[in-house]
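In the text below, chain A, chain B and the rest are named by the order of the sequence lines, each starting its count at 1. Everything quoted here is computed from the prediction, not taken from an experiment.
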Amino acid sequence: MRLYSTLQHELVELPPPPAKVGIYVCGPTVYQRIHVGNGRPYVIFLWLRNWLQQRGYEVKLVSNITDVNDKIYAESEREKRASADLAREMSDWYLADTDRLGLGRPDAEPKATEMMVEIVQLITELVGSGHAYEAGGDVYFRVGSYGDYGRLSGQKPNQMSEQEPNPLKEDARDFALWKATKEGEDTSWDSPWGKGRPGWHIECSAMAADELGPAFEIHGGGLDLVFPHHENELAQSRAAGQEFAHIWMHNGLLRLTGEKMSKSLGNIQTLERVLDEWGRETLLLFFMTAHWRSPIDFSPETMMQARTQVDAFRELFRMKFDRSTQQFPQGWDPEVEARKFEEALDNDFNTPDALAILHKARSAWDQDFIKERLSIFGLDSLAAPEEEAPPDIVEWAEKRQAARATQDFAEADRLRDVIAAAGWEVRDVSDDPGYQLVKGD
RNA sequence: GGCGCGGUGGCCGAGUGGCUAGGCAGAGGCCUGCAAAGCCUCGUACAGCAGUUCGAUUCUGCUCCGCGCCUCCA
């Protein structure tokens, strides 16, 4: 199993199974409902967990929830409500929205506010070893004390532009580990440096160590987190003597009309809305169509194409035939294809390549092959038995059959329209009742 | 400006130094009372310019274009 790592700039081999694989993924800051773009890493890493487990790895997936930071304070002030209250509500919505994807949950989803002891302890350690210093109630990481700073993002410290100068910092590149409580902030925690709250990056270092230990395999998150967030996490944890993550996976961003979908740009579609409009299966298949590292354009056209594919797979499972006597066409050898499928996912988790093999299985009508593999992506629901038509629909279909039997095609067509108006589609088939009822979109 | 990732047929999107990716859309046909579903057939694409090579979409360089990041910002 190989995965592309930002740190090494190349594919990195995972130790052979059975091995423990710890995965830490940066989750959302909860100050608004999450958007579809936020859903991508969630989906990718749950899929990855499924696949690694299937390959015999012992996986622990951790994804944090940032429930205290500047954004939350700013939003709660706008809404004139307690920040903790806002964070709790949005955090609950995050769980509810992602639950609808039907992929289960990560193994742990720690919140920053519940990790204060560990956070303060880590900062204390960094101060003690000279990698951090207190200034006016804040604590800053001393970037100059960590020689490898910039390794992950490729940013060279001396060419980083200085933004608003902060007189408390020894060096403009230093970043906050702990921030003294400011005017208007309605939550705070005690620390050796006075009341305050953690900086943005430190929670991840503390949580990863707490849940996965000082060294683990994979750290994930959106491409936009490489710098400064992940660079800083890496610096903190390494400075604290931890090996930290071996492989750094950064998923491509979702784009809307060519730009990254982001809350600050305002071009967002909430995950909730997309699930309402397109359904979980279409969204999941949409995510499968692009490699996890590529940017992906969210548009009605690309979503339609995903929906058509979803329908095509579902259609295959509507077919009833005797699989025990099924003859596969020439060119379809399940064992050969199974190996190709594994190779596709083992090779940097190439879902579009894997999907192509599922389509090949589809044209060979190999239901078992597809069903088993679709489950990795939470799409085995496409193989599930569908809703039975209600009695009145069945009755109309029966009447239509009778009309057809007497060549009364006008009546038959009328009944087909009646059925369609009720949201069902009637098809003529050669098997027993002579028709098939399918629920429309 | 710096760092990084990309540019594949109408659209989406893998991949490979020479061998059919796949999907969507479109065209024709089979099937059907008509449909729907299904099936069959049809597309020689790889930003541009050099170079390496027997041979490059695949390797190297340059150019053009797109996207992300460049310290509190998602």
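Each of A/His35, A/Arg40, A/Gln269 was checked for a side chain to side chain contact (heavy atoms under 4.5 Å, CB included) with A/Phe298, and the lone residue meeting it is A/Gln269. Partner of A/His219 under the ring pair (Phe, Tyr, Trp, His ring centres under 6.0 Å) criterion, out of A/His250, A/His230, A/His246: A/His230 alone.
Remark: the separation of the P atoms in B/rU44 and B/rG22 is 14 Å, to the nearest Å. A gap of 14 Å separates the C1' atoms of B/rG23 and B/rG9, to the nearest Å. A distance of about 28 Å separates the P atoms of B/rA56 and B/rG13, rounded to the whole Å. When the P atom is used for both B/rA25 and B/rU57, the distance is 31 Å, rounded to whole Å.
Across all strands, A/Ser262 comes closer than 4.0 Å to base atoms (heavy-atom distances). Heavy atoms of A/Val426 sit under 4.0 angstrom from at least one base atom. Residue-level contact check: A/Glu301 touches neither bases nor backbone, having no heavy atom under 4.0 Å from any strand.
Each of B/rC24, B/rA14, B/rC72 was ranked by its minimum atom distance to the side chain of A/Asn350; first place goes to B/rA14. Checking B/rC72, B/rC5, B/rA14 against every side-chain atom of A/Asp70, the shortest atom distance belongs to B/rC72. Residue A/Gln305 places its side chain closer to B/rC12 than to any other of B/rA14, B/rC12, B/rA25. Nearest nucleotide to the side chain of A/Arg173, out of B/rC12, B/rC72, B/rU71: B/rU71.
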Note to self: Please convert RNA chain B into dot-bracket. A pair counts if it is Watson-Crick or G-U wobble with both distances under 3.5 Å; crossing pairs go in [ ] and bases paired with another strand get |.
What the structure shows: (((((((..(((.....[...))).(((((.......)))))....(((((..]....))))))))))))....
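For A/Lys263 and A/Tyr31, the positive end sits near the middle of the six-membered ring, less than 6.0 Å away and at most 45° from its axis.
Sequence order on RNA chain B of the closest nucleotides to A/Arg400 and A/Leu355 puts A/Leu355 first from the 5' end.
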